[in-house]
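Structure record follows, encoded as structure tokens.
Keep in mind it's a predicted model, so treat the numbers as computed, not measured. Both counts, for ligands and for their atoms, begin at 1 and track the order of listing.
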Amino acid sequence: MSNCVVLGAQWGDEGKGKVVDLLAKSADWVARYAGGANAGHTVKVGQTKFALHLVPTGILSPQARCLIGHGVVLDLPALFNEIDSLIKAGIKVDDRLFVASAAHLVLPHHKLLEEQGEECRSSAEKIGTTMRGIGPAYADKIARRGVRAGDLLDPDRLGRSLRQAIDYWNRITNGLLSSRGCTAESVLQELQPCIARLTPMIVDGPLLLDDAVRRGQSILYEGAQGVLLDIDFGTYPYVTSSSTTVGGACTGLGIPPSAIGRVIGVVKAYTTRVGNGPFPTEALNDDGNRLQAGGNEFGTTTGRSRRCGWLDLVALKYAVRVNGITHIAVTKLDVLDEFDEIPVCVAYEHRGQRTTEVPFDGARLDEVKPVYKTMPGWKQRTVGLTDFDELPSASKNYLKFVCDSLHVKLLMVSTGPEREETILLENHHSLVGA
Ligand code: GDP
Ligand code: IMO
Ligand code: MG
């Protein structure tokens with residue numbers, strides 16, 4: 001397998017976990033490049049359901065080693081909870097999971113600040129974040145007052161950095177942190193049990209990956225969230241605070257673009273979004289309820305119900321363009337099995353004009369009206385199919401229409417949450433797409 005980036009092409013929860021898990025079987029390394037414990041990547045293995053938040057999904061493939069890159073913001077108690085549940089489930093983690101020393105920590109004050117930030121907004125303006133402290137942690141990083149994993153190796157530096165950050169926020173918020181019992185000392189105490197555990201995992205991430213590239217090892221770069229949640233390319237301000245797009249793999253891991261082969265976009269066969277913000281193809285009717293129920297669309301991290309709607313080819317074309325997506329993995333095809341007709345958004349109407357481009361200012365997405373092409377449904381079960389030739393012809397036409405419209409190749413079709421419920425198309429004579 002050439003080194004590839006796997007990223008969400010919509011608003012997250014496309015099924016990246018399942019796709020990464022399948023591709024990780026032939027990877028030497030799986031490296032997560034962005035986001036934090038806001039992510040929830042689900043993998044179903046038999047009766048066991050793993051929900052990975054910070055640990056790269058490759059941990060479930062025994063031969064793969066995993067790196068949490070410095071583009072990730074790390075909540076240490078959350079990380080060790082996750083590691084403990086993996087170990088309990090029989091997964092070997094020791095000597096297989098590494099953390100880039102430049103990864104910034106999510107600290108208790110970030111969660112307090114996030115609560116305040118959301119409270120300051122009217123209900124229409126709330127971002128609807130996951131409350132995992134993600135935004136404030138990235139804000140401290142960019143403002144150069146963050147605390148990094150590597151700081152844990154130097155107690156003096158750790159104490160100094162923590163005091164500086166907490167003093168700053170106390171000054172700005174009129175003592176909010178102290179009034180909530182959040183002091184440098186309390187945070188240090190909370191971090192203590194994590195320090196000894198994290199120390200052997202801390203590495204020079206970019207050097208480690210450079211070495212892997214030189215040795216010709218295969219690396220899978222695992223994204224989190226989705227293109228439309230990217231801090232620059234998403235529907236700002238209703239986005240997350242990291243670079244979820246392909247550039248985030250370079251900056252979040254320290255690899256050059258030449259270390260990337262394929263860019264694989266994970267595309268849910270319809271669209272979902274959790275939290276606030278524009279969503280042109282949202283189906284606020286019975287169809288939306290059917291997608292929600294059929295796809296079991298509840299957030300993996302927060303349990304919130306996901307908003308549901310139809311596939312948006314305009315937004316996907318944008319995702320292909322800004323990431324150079326070469327291949328797509330289409331997930332949850334089975335959820336469309338029962339529909340008589342399946343609308344697909346092929347253009348927007350914006351201020352009286354028809355366009356096939358996402359408006360330059362992503363926030364304008366709330367001004368567009370979707371223009372739909374209606375595709376016939378297949379009204380047949382695709383659940384669990386593993387052979388492309390067994391798919392109903394209307395579903396093949398649906399997939400072909402998507403790939404042709406986006407000028408990408410179809411790498412994989414997922415027909416259920418289980419590992420086995422997958423159609424792999426590489427080298428298949430029916431390979432669809434350009
Ligand atoms: P991620 O964040 O992109 O990894 O996606 P999530 O794990 O948050 O959400 C995807 C959900 O869909 C999970 O519950 C998966 O188990 C489930 N899933 C993945 N692929 C399929 C599929 O092809 N069919 C169905 N029915 N469920 C799927
Ligand atoms: P995975 O990796 C779906 C959304 C939140 C909110 C916005 C900002 O599982 O696809 P944040 O807590 O990041 O500041 O919230 O981003 N969001 C996600 N939506 N999947 C995710 O991750 C998400 N991570 C964040 O719902 O709208
Ligand atoms: Mg998810």
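More than 12 heavy atoms of other residues, nucleotides or ligands shown are found within 6.0 angstrom of CD on Gln217. Residue Asn174 qualifies as open at atom CG: its count of foreign heavy atoms under 6.0 Å is 12 or below. Counting non-hydrogen atoms of neighbouring residues, nucleotides and ligands closer than 6.0 angstrom, the NZ atom of Lys92 exceeds 12 such neighbours. Counting heavy atoms of neighbouring residues, nucleotides and ligands inside a 6.0 Å radius, atom CD of Gln116 exceeds 12 of them. Residue Arg381 qualifies as open at atom CZ: its count of foreign heavy atoms under 6.0 Å is 12 or below.
Under the 4.5 Å side-chain criterion, counting only non-hydrogen atoms from C-beta, Thr271 is not in contact with Cys308. Between Leu79 and Leu198, some side-chain heavy-atom pair lies under the 4.5 Å cut-off.
For ligand 1, the polar-atom distance check finds an N/O of Gly15 within less than 3.5 Å of one of the ligand's N/O atoms. Residue Lys16 places at least one N or O, backbone or side chain, under 3.5 Å from an N or O of ligand 2. By the 3.5 Å distance cut-off applied to N or O atoms, Leu333 is not counted among the residues near ligand 1. The shortest N or O to N or O distance between Gly40 and ligand 1 is below 3.5 Å. Of the N or O atoms in Gly40, one or more lie within a sub-3.5 Å distance of an N or O in ligand 2. By the 3.5 Å distance cut-off applied to N or O atoms, Thr129 is not counted among the residues near ligand 2. Close N/O approach between Thr42 and ligand 1 is found [any backbone or side-chain N/O within under 3.5 Å]. Taking distance alone, with nitrogen or oxygen atoms compared against 3.5 Å, Val335 stays at or beyond that limit from ligand 1. Of the N or O atoms in Thr331, none lie within a sub-3.5 Å distance of an N or O in ligand 1. For a threshold of 3.5 Å applied to N or O pairs, the pair formed by Lys18 and ligand 1 contains no separation below that value. At under 3.5 Å, a nitrogen or oxygen of Asp13, whether backbone or side chain, sits near a nitrogen or oxygen of ligand 2.
Checking side-chain atoms of Lys18 against main-chain N and O of Ser414 turns up no donor-acceptor pair under 3.5 Å. Judged by distance alone, with hydrogens and angles left aside, the side-chain atoms of His70 form a donor-acceptor pair with the main-chain N or O of Thr251 at under 3.5 Å.
Ring geometry for Phe339 versus Trp310: interplanar angle over 60°, hence perpendicular rather than tilted (30 to 60°).
Ligand-side atoms of ligand 1 in range of Ser414: 20 (N), 21 (C), 22 (C), 23 (O), range being under 4.0 angstrom from any heavy atom. Every atom of ligand 2 is numbered from 1 in the order shown, and the set under 4.0 Å from a heavy atom of Ala224 is 2 (O). Under a 4.0 Å criterion applied to the non-hydrogen atoms of Ile127, ligand 2 contributes the atoms 8 (C), 27 (O). Close contacts between ligand 1 and Thr415 involve ligand atoms 23 (O) [criterion: under 4.0 Å to a heavy atom]. Per-residue contacts place Gly17 under 4.0 angstrom from the following atoms of ligand 1 (heavy atoms of the residue considered): 4 (O). Atoms of ligand 2 found under 4.0 Å from any heavy atom of Trp11, numbered from 1 in the order shown, are 3 (C), 19 (N). Those atoms of ligand 2 with a heavy atom of Ala39 less than 4.0 angstrom away are 1 (P), 2 (O), 9 (O), 22 (O). Here is the list of ligand 1 atoms found below 4.0 Å of a heavy atom in Asp334: 22 (C), 23 (O), 24 (N), 25 (C), 26 (N). For ligand 1, the atoms sitting less than 4.0 Å from at least one non-hydrogen atom of Glu14 are 3 (O), 5 (O), numbered in the order shown with element in parentheses. Here is the list of ligand 1 atoms found below 4.0 Å of a heavy atom in Gly416: 20 (N), 21 (C), 22 (C), 23 (O), 24 (N), 25 (C). Taking a cut-off of under 4.0 Å to the non-hydrogen atoms of Gly275, the atoms of ligand 2 that pass are 27 (O).
Looking at Asp13 against ligand 1, both its backbone and its side chain come within 4.0 Å, counting heavy atoms. Proximity of Tyr238 to ligand 2, defined as any heavy-atom pair under 4.0 Å, is not found for any part of the residue.
For the atom pair CE (Met201) and CZ (Arg96), the distance works out to 11.5 Å, reported to the nearest 0.5 Å. In this structure, OH in Tyr221 is found 4.0 Å from CD1 in Ile255, a value given to the nearest 0.5 Å.
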Q. Can you list the steps and then say if Thr272 with Asp13 is a side-chain hydrogen bond (donor to acceptor under 3.5 Å, both in side chains)?
A. CA-CA 8 Å; Thr272 61; Asp13 300 329; 5.3 Å; no
Q: Walk me through it: do Arg273 and Thr235 pass the test side-chain hydrogen bond (donor to acceptor under 3.5 Å, both in side chains)?
A: CA-CA 12 Å; Arg273 167 162 211 174; Thr235 48; 3.3 Å; yes
Q) Run the side-chain hydrogen bond (donor to acceptor under 3.5 Å, both in side chains) check on Thr57 and Glu222 step by step: do they pass? A) CA-CA 8 Å; Thr57 303; Glu222 178 177 0; 2.6 Å; yes
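Of the protein's non-hydrogen atoms, the one nearest atom 26 (O) of ligand 2 is Arg304 NH2, 2.9 Å. At the top of the distance list for atom 8 (C) of ligand 2, counting protein heavy atoms only, stands Val239 O, 3.4 Å. Atom 27 (O) of ligand 2 has Val274 O, 3.0 Å as its closest protein atom, hydrogens excluded (heavy atom only). What sits closest to atom 12 (O) of ligand 2 on the protein, heavy atoms only, is Thr130 OG1, 2.5 Å.
Here the shortest heavy-atom distance to atom 24 (N) of ligand 2, taken over Gln225, Glu14, Arg306, belongs to Gln225. Considering each of Lys268, Lys44, Lys49, Lys332, the one bringing a non-hydrogen atom nearest atom 12 (O) of ligand 1 is Lys332. Taking each of Gly128, Gly117, Gly12, Ala51 in turn, the one with a heavy atom nearest to atom 5 (C) of ligand 2 proves to be Gly128. Considering Leu229, Thr240, Asn38 only, the shortest heavy-atom separation from atom 17 (N) of ligand 2 involves Leu229.
Shown are Glu14, Glu297, Gln10; of these, the side-chain hydrogen bond (donor to acceptor under 3.5 Å, both in side chains) with Lys268 is made only by Glu297. Screening Glu418, Glu421, Glu420 against Lys44 for a salt bridge (Lys or Arg N to Asp or Glu O under 4.0 Å) leaves a single residue, Glu418. Partner of Asp75 under the side chain to side chain contact (heavy atoms under 4.5 Å, CB included) criterion, out of His53, Lys111, His110: Lys111 alone.
Residue contact check for ligand 1: Arg419 places no non-hydrogen atom closer than 4.0 Å to it. Remark: distances from the non-hydrogen atoms of Gly295 to ligand 1 are all 4.0 Å or more.
Inclusion of Gly40 in the first shell of the Mg ion (ligand 3) is supported: an N, O or S atom falls under 2.8 Å.
With respect to Asp28 and Arg65, no salt bridge is recorded, no charged nitrogen being found less than 4.0 Å from a carboxylate O.
Nearest to the Mg ion (ligand 3), among the N, O or S atoms that Asp13 has, is OD1.
Arg307 forms no cation-pi arrangement with Phe279, by the criterion of a distance under 6.0 Å to the ring centre and an angle within 45° of the ring axis.
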